[in-house]
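Notes follow the structure.
Chain letters run A, B, ... following the sequence lines, proteins first and then strands; every chain starts at 1.
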Protein chains: 2
Amino acid sequence: MGLTKTAQFTDEEILLARYAKALGHPARIAILRVLLERKACICGDIVDELPLSQSTVSQHLKELKEAGLIQGDIDGKKVCYCINDQVWKQAQETLSLLFQSYTSCDSSCC
Amino acid sequence: MGLTKTAQFTDEEILLARYAKALGHPARIAILRVLLERKACICGDIVDELPLSQSTVSQHLKELKEAGLIQGDIDGKKVCYCINDQVWKQAQETLSLLFQSYTSCDSSCC
DNA sequence: TTTTATAATCGTAATTTTACGATTAATATT
DNA sequence: AATATTAATCGTAAAATTACGATTATAAAA
């Protein structure tokens with residue numbers, strides 16, 4: 001069916017999965033790296049950094065935007081992208097907590 | 001086309017995306033939570049904790065296994081699942097570094 | 001005002017994902 | 001040995017994802 005049965009899970013599980021899913025493609029990781037390595041926003045020229053067509057990059061940007069991880073403000077004929085400070089920190093925190101909740105198996109394990 | 005042009009990205013980008021993608025579904029987050037909240041491995045009874053059919057859960061488990069985040073060892077008629085210590089820590093580290101590489105935009109921003 | 005440049009959207013196609021019932025394989029249990 | 005239990009796999013269907021060329025909308029530049 002391909003449709004995630006979202007109703008059955010907690011809000012936190014859904015949110016966490018949304019952030020992770022947005023990060024779940026090499027192109028989007030690459031896009032974020034470009035946004036991260038410059039300290040300021042990027043106006044345009046993201047496409048030039050990636051081995052994908054303009055429309056495909058635009059689609060990936062849209063997904064990152066929909067997950068909230070980045071924002072894009074219109075600035076003349078270009079669009080100014082940058083990391084969304086709040087959401088980025090929230091994603092960091094939530095994912096961090098998941099990973100930190102792990103403690104090694106005890107001796108009775110596998 | 002639906003096929004990720006994986007050749008064009010760095011190994012690290014691909015690895016990072018693979019971990020994130022594995023985390024990119026509420027059911028898989030829920031599965032991991034079950035595995036995380038018990039300190040030991042879980043033999044069976046994962047299906048009972050989730051609002052999905054046995055075959056669907058099995059499929060999600062397979063994806064987590066393929067990403068390396070969990071392991072499942074056969075133990076009689078049950079299968080013993082747990083977090084893969086090494087991979088878990090690697091995923092934590094890699095994702096953590098991505099998030100940490102962010103520094104707020106300077107004043108010339110958007 | 002016409003042209004150029006930028007980026008979103010549309011249309012399309014192939015692949016992957018999500019989901020489930022049914023079946024299968026393997027091992028306990030009776 | 002026959003039966004039950006557990007979990008993977010198979011088959012199938014619907015929806016989502018990935019990708020790109022073409023088109024569109026907007027704004028800057030000529």
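In this structure, CG of B:Asp48 is placed 11 Å from C1' of D:dT6, rounded to the nearest angstrom. Residue A:Leu23 contributes atom CG, which lies 12 Å from atom P of D:dT18 at whole-angstrom precision. The nearest whole Å value for the distance from the CZ atom in B:Arg18 to the C1' atom in C:dT17 is 17 Å. In this structure, CD of A:Glu66 is placed 9 Å from P of D:dT17, rounded to the nearest angstrom. D:dT18 atom P lies 14 Å from atom CG of A:Leu50, rounded to whole Å. Spacing between atom CG of B:Leu61 and atom P of C:dT18 amounts to 13 Å, rounded to whole angstrom units. Spacing between atom CD of B:Glu63 and atom C1' of C:dT17 amounts to 7 Å, rounded to whole angstrom units. Straight-line distance from the CD1 atom of B:Ile46 to the P atom of D:dT6: 13 Å, rounded to whole Å.
Annotation: the span from A:Ile70 atom CD1 to A:Ile46 atom CD1 amounts to 6.5 Å, rounded to 0.5 Å.
Between B:Trp88 and B:Leu36 the shortest side-chain heavy-atom distance falls below 4.5 Å.
Residue B:Thr4 places its side chain closer to D:dT18 than to any other of C:dA19, D:dT18, C:dA8. Side-chain proximity of B:Lys62 to D:dT18, C:dA7, D:dT9: nearest is D:dT9.
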Stepwise, does the side chain to side chain contact (heavy atoms under 4.5 Å, CB included) test hold for B:Tyr102 with A:Leu32? CA-CA 10 Å; B:Tyr102 169 67; A:Leu32 288 171; over 6 Å; no
Before you tell me yes or no, could you show the steps for A:Leu15 and A:Gln90 under side chain to side chain contact (heavy atoms under 4.5 Å, CB included), namely the whole-Å CA-CA distance, both residues' side-chain angles and the distance that decides it to 0.1 Å? CA-CA 10 Å; A:Leu15 188 66; A:Gln90 220 236 310; 3.7 Å; yes
Show your working on side chain to side chain donor-acceptor pair (under 3.5 Å) between B:Gln92 and B:Ser96 and close with a plain yes or no. CA-CA 6 Å; B:Gln92 177 173 30; B:Ser96 187; over 6 Å; no
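Taking the six-membered ring for Trp and thresholds of 30 and 60 degrees, A:His60 and A:His25 have ring planes inclined between 30 and 60 degrees apart.
With the nearest nucleotide of DNA chain C identified for both A:Lys78 and A:Lys21, A:Lys78 has the one nearer the 5' end.
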Going 5' to 3' through nucleotides 20-30 of chain D, assign each nucleotide B (protein heavy atom under 4.0 Å from a base atom), S (under 4.0 Å only from sugar-phosphate atoms) or - (no protein heavy atom that close). BBB----SS--
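Distances shorter than 4.0 Å separate none of the side-chain N or O atoms of B:His60 from OP1 or OP2 on C:dT17.
Atom CG of B:Asp11 is surrounded by 12 or fewer heavy atoms from other residues, nucleotides or ligands within 6.0 Å.
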